[in-house]
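We name chains A, B, ... by the order of the sequence lines, and we start the count at 1 in each one.
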Number of protein chains: 2
Amino acid sequence: MTARSTLNDQAAVTETTELPAVKSSSFRSTAEEHRDDIYNSLFDYFRNYTKLPLSPFDQRLIRDAFKLKKLRRRQFLVQEGDVCKYICFVVCGALRIYSVNERGQEAVVAFALEGKWMSDWESVVTQTPSRYHIDAVEHSEILQISPAELHALEAKIPAIDEFLRLEQRLVAVTTQKRIHTAISMNAEERYQDLLENHPEYFQRFSQNMIASYLGIKPETLSRLRKR
Amino acid sequence: MTARSTLNDQAAVTETTELPAVKSSSFRSTAEEHRDDIYNSLFDYFRNYTKLPLSPFDQRLIRDAFKLKKLRRRQFLVQEGDVCKYICFVVCGALRIYSVNERGQEAVVAFALEGKWMSDWESVVTQTPSRYHIDAVEHSEILQISPAELHALEAKIPAIDEFLRLEQRLVAVTTQKRIHTAISMNAEERYQDLLENHPEYFQRFSQNMIASYLGIKPETLSRLRKR
DNA sequence: TTCATTTTTTGATAAAAGTCAAAATATGGC
DNA sequence: GCCATATTTTGACTTTTATCAAAAAATGAA
């Protein structure tokens with residue numbers, strides 16, 4: 001394994017601290033290397049996404065703007081009533097955003113696995129208290145940035161500017177699809193649709209959470225699965 | 001009535017051709033004035049949205065890029081299988097985007113009244129055949145632009161660049177809300193939610209279409225309304 | 001590994017929403 | 001304004017999904 005791990009290789013990132021440094025000539029600790037790996041994964045992500053280069057100066061700006069944060073399983077990133085201050089890039093792990101109604105029933109609005117973004121867009125854009133909770137479903141490592149700092153990077157770094165344009169389009173496409181699924185399909189069709197489009201969710205999230213994401217009860221999902 | 005009509009004053013726009021020119025000294029036809037009104041409403045829209053100016057040169061670029069199109073009631077703008085080539089600004093009238101499944105059941109993904117945008121984002125971004133129909137619910141006037149031309153304007157006109165950034169955020173906020181509504185509320189709650197957030201829809205769209213937008217049957221909506 | 005805790009499954013029943021058919025009402029194109 | 005056409009309402013009945021309770025299975029922390 002090289003010091004530079006890929007985004008999708010979760011084990012590579014999380015186990016780095018347990019392995020000896022590959023280069024014996026290095027004076028740097030494995031913790032420092034792990035930190036470098038994490039930022040490198042973000043640089044790779046932007047380069048791959050945009051096909052644009054990032055100068056060492058750009059990388060320094062990005063490194064300073066994105067703050068690394070570790071979340072334990074079930075730890076909250078945002079709780080209902082908080083103003084969501086950051087947009088988060090998931091380096092490894094899994095997050096969810098969900099609401100809880102008067103009866104205590106949860107509704108999962110979105111999941112984010114490694115290489116995806118998570119925020120309460122409503123709260124972060126309008127700087128109003130969130131109606132949602134965001135928490136870590138697994139032990140996770142994330143890179144956070146405030147909207148103001150992201151805006152500043154956008155103005156300075158062409159790759160970030162391009163990334164935001166491309167990402168915005170992708171968001172429009174995926175949300176249009178999700179709305180269509182929610183209003184036009186019954187429980188069984190929504191389940192089949194999720195199986196096809198996000199089989200990985202079934203490996204990473206509990207049936208309870210999947211059911212909530214589909215807008216059905218866990219008992220109903222269990223019965224659909226029996227067929 | 002002045003030559004320059006407002007966006008929301010639908011009658012003002014549609015009746016222009018039936019009225020004598022206000023300025024008797026003008027050599028321009030009422031049809032030409034109507035055309036000017038339409039583009040001016042778009043310029044006003046961008047200026048209001050972004051609080052940035054548009055130079056006469058900017059206005060010329062925008063005028064050349066956005067093509068005016070009139071749609072009769074029930075006329076298709078996009079049919080399933082077409083590649084959606086344009087992003088549309090609704091000057092007056094009302095459009096909807098909807099799918100039709102194997103059984104002929106319609107599902108309305110979105111409505112657009114005057115001052116709103118309409119496109120099949122999935123098709124227009126990926127240039128793949130659309131899974132939806134877009135048609136005019138009322139006689140409508142729209143301004144169309146291709147994604148490539150919009151991209152070119154974005155690079156040349158700061159107000160357009162800023163508009164796209166702001167609009168993207170709004171889309172993220174509104175779609176997150178719609179997804180939450182769809183998965184976490186029952187039929188009655190979704191109906192109440194729409195009454196609060198889009199009372200104007202009930203004035204402009206049939207119960208059939210509203211029901212389809214809410215993901216319920218017209219009979220169910222009729223029964224909810226009786227309460 | 002054990003064991004307390006959480007998650008999933010199963011069964012019985014209730015509530016919500018859909019289906020089909022027909023009548024009442026509204027509408028828009030001439 | 002008329003009238004064919006489309007839309008909305010109503011009723012009887014079916015299907016789907018939710019609810020509640022309890023058992024079975026899985027999971028994770030010590």
Side-chain angles (χ1 to χ4, degrees), chain A residues 14 71-75 93-94 96 98 100-108 111 135-140 181-195 201-227, chain B residues 10-11 14-15 70-75 93-94 96 98 100-108 111 135-140 181-195 201-227:
Chain A
T14 53
L71 294 171
R72 291 195 313 280
R73 194 176 133 88
R74 284 165 206 262
Q75 185 177 343
R96 69 175 167 156
Y98 62 101
V100 181
N101 71 9
E102 325 76 57
R103 288 176 196 155
Q105 291 168 329
E106 296 181 2
V108 172
F111 293 124
D135 71 6
V137 175
E138 306 169 356
H139 172 93
S140 303
T181 303
I183 64 163
S184 73
M185 296 181 185
N186 64 24
E188 165 125 52
E189 290 167 328
R190 297 202 297 277
Y191 167 64
Q192 291 296 342
D193 184 74
L194 191 65
L195 263 183
Y201 285 2
F202 293 86
Q203 310 305 315
R204 305 284 288 275
F205 303 107
S206 71
Q207 309 277 86
N208 278 337
M209 292 183 201
I210 300 270
S212 172
Y213 181 86
L214 290 172
I216 60 180
K217 299 291 145 183
E219 294 94 328
T220 301
L221 179 57
S222 172
R223 286 172 179 126
L224 287 175
R225 279 159 46 87
K226 249 204 320 193
R227 297 189 208 170
Chain B
Q10 195 193 347
T14 53
E15 289 173 8
K70 296 187 184 192
L71 293 171
R72 291 195 314 280
R73 193 176 135 86
R74 285 166 205 264
Q75 186 178 341
R96 68 175 167 156
Y98 62 102
V100 181
N101 71 10
E102 327 76 57
R103 288 176 196 155
Q105 292 169 328
E106 295 180 2
V108 172
F111 292 124
D135 69 7
V137 175
E138 305 169 358
H139 171 92
S140 304
T181 303
I183 63 163
S184 72
M185 297 182 184
N186 64 23
E188 165 125 51
E189 291 166 329
R190 296 202 298 278
Y191 167 65
Q192 292 295 341
D193 184 74
L194 192 64
L195 263 183
Y201 285 1
F202 293 85
Q203 309 306 315
R204 306 283 290 274
F205 302 107
S206 71
Q207 308 277 87
N208 278 337
M209 292 183 201
I210 300 271
S212 171
Y213 181 85
L214 290 171
I216 61 180
K217 298 292 145 185
E219 294 95 327
T220 301
L221 178 57
S222 172
R223 287 173 179 126
L224 287 174
R225 278 158 49 85
K226 248 203 322 193
R227 297 190 209 168

Colleague: Which listed nucleotide (dG18(C), dT10(D), dA29(D)) is nearest to the side chain of I216(B)?
Modeller: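 The closest nucleotide is dG18(C).
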Colleague: What's the CZ-C1' distance between F202(B) and dA26(C), to the nearest Å?
Modeller: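 After rounding, the gap between these two atoms is 18 Å.
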Colleague: Considering just the side-chain nitrogens and oxygens of T220(B), establish if one lies under 4.0 Å of OP1 or OP2 belonging to dA17(C).
Modeller: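 Answer no for this pair, as no side-chain N or O of T220(B) is under 4.0 Å from OP1 or OP2.
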Colleague: Would you indicate what L221(A) reaches in the nucleic acid, counting non-hydrogen atoms under 4.0 angstrom: base, sugar-phosphate, or nothing?
Modeller: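 No contact.
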Colleague: Specify the separation, in whole Å, of atom CZ of R223(A) and atom C1' of dT8(C).
Modeller: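 Interatomic distance, CZ of R223(A) to C1' of dT8(C): 11 Å.
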Colleague: Among dT9(D), dG29(C), dT9(C), which nucleotide has an atom closest to any side-chain atom of R73(B)?
Modeller: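 Output: dG29(C).
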Colleague: To the nearest Å, how far apart are E138(B) CD and dG28(C) C1'?
Modeller: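 The distance from CD of E138(B) to C1' of dG28(C) comes to 13 Å, rounded to the nearest Å.
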Colleague: R72(B) near the nucleic acid: base, sugar-phosphate alone, or nothing, with a heavy-atom cut-off under 4.0 Å?
Modeller: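 Here R72(B) touches no strand at all.
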Colleague: CE of M209(A) versus P of dT8(C): gap in Å, rounded?
Modeller: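 The distance from CE of M209(A) to P of dT8(C) comes to 9 Å, rounded to the nearest Å.
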Colleague: Atom CZ of R74(B) and atom P of dG28(C): how far apart are they, to the nearest Å?
Modeller: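 So the CZ-P distance, R74(B) to dG28(C), works out to 9 Å.
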Colleague: Rounded to whole angstroms, how far apart are CG on N208(A) and P on dT5(C)?
Modeller: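 Answer to the nearest Å: 18 Å.
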Colleague: Please determine whether a side-chain nitrogen or oxygen atom of R225(B) lies at a distance below 4.0 Å from atom OP1 or OP2 of dT9(D).
Modeller: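 Looking at the OP1 and OP2 atoms of dT9(D), one of them is under 4.0 Å from a side-chain N or O of R225(B).
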Colleague: For E106(B), does its backbone N or O pair with a side-chain atom of S212(B) as donor and acceptor, under 3.5 Å?
Modeller: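 Yes; at least one donor-acceptor contact below 3.5 Å.
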Colleague: In whole angstroms, how far is the P atom of dT10(C) from the CD atom of E219(A)?
Modeller: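 In whole Å, dT10(C) P lies 12 Å from E219(A) CD.
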Colleague: By nearest atom, which of the nucleotides dT9(C), dT9(D), dA17(C) is closest to the N186(B) side chain?
Modeller: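 That would be dA17(C).
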Colleague: So R103(B), base contact, sugar-phosphate only, or nothing? Heavy-atom distance under 4.0 Å.
Modeller: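 No contact.
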Colleague: What integer distance in Å separates E188(A):CD from dA17(C):C1'?
Modeller: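 Going from E188(A) (CD) to dA17(C) (C1'), I get 17 Å.
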Colleague: For a quick test of reading the model: is some side-chain N or O of S206(B) closer than 4.0 Å to OP1 or OP2 of dT7(D)?
Modeller: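 Answer is no, no contact under 4.0 Å.
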Colleague: Does dG18(C) have its OP1 or OP2 closer than 4.0 Å to a side-chain nitrogen or oxygen of Q105(B)?
Modeller: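 Answer no for this pair, as no side-chain N or O of Q105(B) is under 4.0 Å from OP1 or OP2.
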Colleague: To the side chain of K226(B), which of dG11(D), dG29(C), dG28(D) is closest?
Modeller: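 When the side chain of K226(B) is considered, dG11(D) is the closest of dG11(D), dG29(C), dG28(D).
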Colleague: Using the side-chain heavy atoms of K217(A), tell me which of these nucleotides is nearest: dA18(D), dA17(C), dT7(C).
Modeller: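 Nucleotide nearest to K217(A)'s side chain: dA18(D).
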